[in-house]
Amino acid sequence: MLDLTLPAVDLAPLLVGALLSDGGVTVQLTEVEAYAGADDPAAHAFIGLRPRTRDLFGPPGTLYCYLSHGLHTCGNVVCGADGGGSAVLLRAGRVVAGLDVVRERRPGVPDAALARGPGNFGRAIGWTLADSGRRFAVGNLALVPGPDSGTVLAGPRVGVSVAHRRPWRFWAEGDPTVSAYRASPRIQPGHLDW
DNA sequence: AACAAGATTAACT
DNA sequence: GTTAATCTTGTTT
């Protein structure tokens with residue numbers, strides 16, 4: 001079993017290869033990012049407990065969804081200590097069940113790209129903001145260890161303008177469903193990084 | 001009340 | 001490589 005009370009940085013590499021099921025669709029995770037609670041300047045938890053971040057500060061095993069650029073619903077697995085605001089962002093995966101449903105949601109998209117990138121991942125599974133706050137391992141929202149995770153690599157998080165040297169993005173080596181790395185356009189040269 | 005920014009994506013040139 | 005699409009939240013008038 002996956003121990004969702006682990007810190008995000010410890011849990012994230014274990015999630016690569018894990019199987020996430022919801023609404024008849026099962027995705028094997030190939031890329032995730034750790035966000036280490038209120039002390040992580042790149043995390044949403046950094047702003048503190050707000051209406052927006054309420055679910056992020058819920059108990060481990062909560063699904064925290066946020067809307068990016070008004071278009072994309074991205075999902076996180078809340079983990080670590082209860083109320084600590086730590087979470088693992090689900091960035092990409094391979095659809096292993098419910099392919100027909102996902103193809104219908106994303107017509108014309110190659111199978112390897114169906115859940116590549118956090119926004120695409122959310123769309124493939126069919127998440128919206130209304131799904132935020134649901135609990136894993138309850139009802140049909142499941143998260144279990146995968147059979148074959150392969151080699152897991154680590155590197156800097158995508159699109160993050162602070163603490164961008166922390167290698168807290170984890171992905172399955174050589175997997176075609178992993179998204180391309182892009183540095184944030186807002187990284188300040190010479191700013192204090194940690 | 002107005003505005004800027006964002007853990008993005010796809011469609012352009 | 002550049003840019004439009006689109007909306008919630010926090011910040012500034």
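All chains are named by letter (A, B, ...) in the order of the sequence lines, taking the proteins before the strands, and each is independently numbered beginning at 1. Note that this is a predicted model, so its numbers are computed, not measured.
Taking atom CG of residue L114(A) and atom C1' of nucleotide dT9(B), one finds them 15 Å apart after rounding to whole Å. Atom CG in L71(A) sits about 6 Å away from atom C1' in dA5(C), given to the nearest Å. In this entry the distance linking CZ of R106(A) with P of dT9(B) reads 9 Å, nearest Å. Atom CZ of R182(A) and atom P of dG6(B) are 14 Å apart (whole Å). Counting to the nearest Å, the P atom of dT8(C) and the CZ atom of R54(A) are 15 Å from each other. Rounding to whole angstrom units, CG of residue L56(A) and C1' of dT8(C) are separated by 16 Å. The distance from atom CG of L89(A) to atom P of dA7(B) is 10 Å, rounded to the nearest whole Å. Across the protein-nucleic acid pair, N120(A) atom CG and dA11(B) atom C1' stand 14 Å apart, rounded to whole Å.
Using modelled atom types and a 3.5 Å distance limit, the side chains of T30(A) and D175(A) yield no donor-acceptor pair.
Distance from the side chain of I47(A) is smallest for dG10(C) among the nucleotides dA7(B), dT8(B), dG10(C). In this structure, the nucleotide among dT8(B), dA10(B), dT8(C) sitting nearest to the side chain of L129(A) is dT8(C). Side-chain atoms of R52(A) lie closest to dT9(C) of the nucleotides dA7(B), dT9(C), dA5(C).
When heavy atoms are screened at a 4.0 angstrom cut-off, N76(A) is found touching base atoms of the nucleic acid.
Secondary-structure annotation of DNA chain C gives the stems B:1-6 with C:7-12, B:8-12 with C:1-5, with a stem taken as at least 3 successive Watson-Crick or G-U pairs whose two distances both fall under 3.5 Å.
Residue ring and nucleobase are not stacked for H44(A) and dA7(B) under a centre distance beneath 5.5 angstrom and an angle between planes beneath 30°. A distance cut-off of 5.5 Å between ring centres, combined with a plane angle under 30°, leaves H72(A) outside any stacking arrangement with the base of dT8(B). Residue ring and base: Y66(A) does not count as stacked with dA7(B) (centre distance below 5.5 Å and interplanar angle below 30° not both satisfied).
Both tests do not hold together for R123(A) against W127(A): distance to the six-membered ring centre under 6.0 Å, angle to the ring axis within 45°.
Using atom C1' as the reference point in both dG1(C) and dA7(B), the two lie 22 Å apart (nearest Å).
Every residue two or more places apart in sequence or in another chain that forms a side chain to side chain contact (heavy atoms under 4.5 Å, CB included) with A42(A) is listed here: Y35(A), D40(A), R157(A), V160(A), V162(A).
Placement of L4(A) and L63(A) within a single hydrophobic cluster is found when ILVMFWY residues are connected by side-chain heavy-atom separations under 4.5 Å, directly or transitively.
Annotation for S132(A) and Y64(A): closest pair OG-CA, 3.7 Å, computed over non-hydrogen atoms.
Judged by closest nucleotide on DNA chain C, L67(A) is the one of P51(A) and L67(A) placed further toward the 5' end.
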Inset, instruction - Decide salt bridge (charged side-chain N to carboxylate O under 4.0 Å, His left out) for D131(A) and R134(A); before the verdict, give the C-alpha distance in whole Å, the side-chain angles of both, and the deciding distance to 0.1 Å. - result: CA-CA 6 Å; D131(A) 290 290; R134(A) 292 170 65 201; 3.0 Å; yes
Inset, instruction - Check the pair L2(A), L143(A) against side-chain contact (heavy atoms from CB on, under 4.5 Å), reporting the backbone distance first and the verdict last. - result: CA-CA 8 Å; L2(A) 290 161; L143(A) 184 62; 4.0 Å; yes
